[in-house]
Amino acid sequence: MSKTTPRPPRSRARFRAVCAVIAALLLLPACSAGDGEHRGITDVIKQAIDDVKRHREQKSGTTASRRDSTPLGTDGRTSFDYAAYQRTLSVTLGLLERYWSDEVPELGGSYSRPRAYTYYRSDEGGGPVCGDQPAPARNAFYCPAGDFIAWDESGLMIPYYVSGGDFAASFVLAHEFGHAMQARMPRQEQTGVLRELQADCFAGAWARWVAQQNLLEEGDLDEATLAVFSGRDLPGTAWTDPAAHGSGFERTRAFGDGFESGAKNCYPAPAERWILR
């Protein structure tokens, strides 16, 4: 693995500050944004999806990775630039390929990039099939059978990009790329929630490397951490549930472990540390 400079202390402090905010939020009752703000975000998302449909007449397609060394900084929350959105996904995939091509051999695996990156639009039907399973709406997934990563563009990725920020969308890809890298490791976690938490940890390790390359902008880490938290299980979900992804604390801790110490802290998955139930 190529040498990198130590991460500035500010990144660690910023991450811990965001985690503290999340911990505080867990103690508050759920609430929604005011009607004016909610309508604003919703209108931007709707406009963004309409813009995409004008750019892309097809219901699904592929996205190419892009080897780039420019920061992952855009602001889609007040307006939507389709070219900037495309660039964020392409550059993210390129950075994921760069990082994992060095890291997987260090962990004892054999690296190869996924065969394809595919988007689809659940509101228009269709989407790639994984084995005999149709593509899920409002989701992203790694398909071991076809070795590809896919995401619902209209139902998930654009809403995440607009409401959560560019690095929230990057986290979605980093998490699914983490699942793809799990398939290239000699040891496979058998418990579903551990596989999910390990993918969060892998995403955090990649984010650490991106920060070390000075490619993060102010607010990116906040976006990723809040994206991790937003995908938490509903209260009361058993850790043995095959669909479990982890509580807010568990997912944030796993992501933080990767960000603090790198992928070596994610593999093998430390069940005794991550599963708090």
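- In this structure, the ring of Trp151 has its center no less than 6.0 angstrom from the ring center of Phe171.
- Between Cys143 and Gly131, the shortest heavy-atom distance links the atoms SG-N, 4.4 Å.
- Between Leu221 and Phe167 there is no side-chain heavy-atom pair separated by less than 4.5 Å.
- Taking the side chain as every heavy atom from C-beta outward, Pro144 and Cys130 approach each other to under 4.5 Å.
- Taking the six-membered ring where the residue is Trp, the centroids of Trp209 and Tyr99 are separated by under 6.0 Å.
- Put simply, the side chain of Tyr142 never gets that close to the backbone of Pro114: no donor and acceptor are under 3.5 Å apart.
- When every heavy atom of Asp152 is checked against every heavy atom of Arg121, the shortest pair comes out as OD1-CA, 3.8 Å.
- Note that the CD1 atom of Ile158 and the OG atom of Ser163 stand 11.5 Å from one another [nearest 0.5 Å].
- Minimum interatomic distance between Ile149 and Ala180 (heavy atoms only, all atoms of both residues): CD1-CB, 4.5 Å.
- Ring geometry for Trp100 versus Phe202: interplanar angle over 60°, hence perpendicular rather than tilted (30 to 60°).
- A search for salt bridge (charged side-chain N to carboxylate O under 4.0 Å, His left out) contacts involving Arg138 returns nothing, not counting sequence neighbours.
- Remark: side-chain polar atoms of Ser101 are paired, donor with acceptor, to backbone N or O of Arg98 under 3.5 angstrom.
- Of all the heavy atoms in Val104 and Ser110, the pair that sits closest is CG1-N, 3.6 Å.
- With values rounded to the nearest 0.5 angstrom, Leu194 atom CG is found 9.5 Å from Glu250 atom CD.
- Glu260 places none of its side-chain heavy atoms less than 4.5 Å from the side chain of Asp257.
- Within the 4.5 Å cutoff, no side-chain heavy atoms of Phe177 are placed close to those of Leu95.
- For Arg253 (side chain) and Arg273 (main-chain N/O), a donor-acceptor pair under 3.5 Å exists by modelled atom type.
- Note: Tyr161 and Tyr85 have perpendicular aromatic rings, judged against thresholds of 30 and 60 degrees for the angle between ring planes.
- The distance from the CG atom of Leu107 to the CG atom of Asp102 is 11.0 Å, given to the nearest 0.5 Å.
- Looking at His179 and Gln198, their side chains never bring a donor and an acceptor atom within 3.5 Å of each other.
- Side-chain contact between Lys264 and Glu103: absent, with no pair of heavy atoms (C-beta onward) separated by less than 4.5 Å.
- Shortest non-hydrogen contact noted between Asp220 and Leu215 is OD2-O, 4.4 Å.
- Formation of a donor-acceptor pair under 3.5 Å by the Gln190 side chain with backbone atoms of Gln188 is found in this model.
- Using a 4.5 Å heavy-atom cutoff, the side chains of Leu216 and Glu223 are not in contact.
- Residues Ala169 and Leu89 approach most closely at CB-CD2, 4.3 Å, considering heavy atoms.
- Under the 3.5 Å distance criterion, with hydrogens and angles disregarded, a donor-acceptor pair is assigned to the side chains of Asp123 and Ser154.
- In this structure, CD in Glu97 is found 10.5 Å from OG in Ser112, a value given to the nearest 0.5 Å.
- Ring-plane geometry between Phe255 and Phe259 is classed as parallel, the angle between the planes falling under 30 degrees on a 0 to 90 degree scale with a further cut at 60.
- Considering only heavy atoms from C-beta on, Met157 comes within 4.5 Å of Leu173 through its side chain.
- Between the side chain of Asn139 and the backbone N or O of Pro136, no donor-acceptor pair lies under 3.5 Å.
- For the pair Leu197 and Asp200, the minimum side-chain heavy-atom distance is below 4.5 Å.
- By the side chain to side chain contact (heavy atoms under 4.5 Å, CB included) test, Arg187 pairs with Glu189, Tyr267, Pro268, sequence neighbours left out.
- The salt bridge (Lys or Arg N to Asp or Glu O under 4.0 Å) pairs that include a residue from residues 168-183 number zero, where partners must be two or more places apart or lie in different chains.
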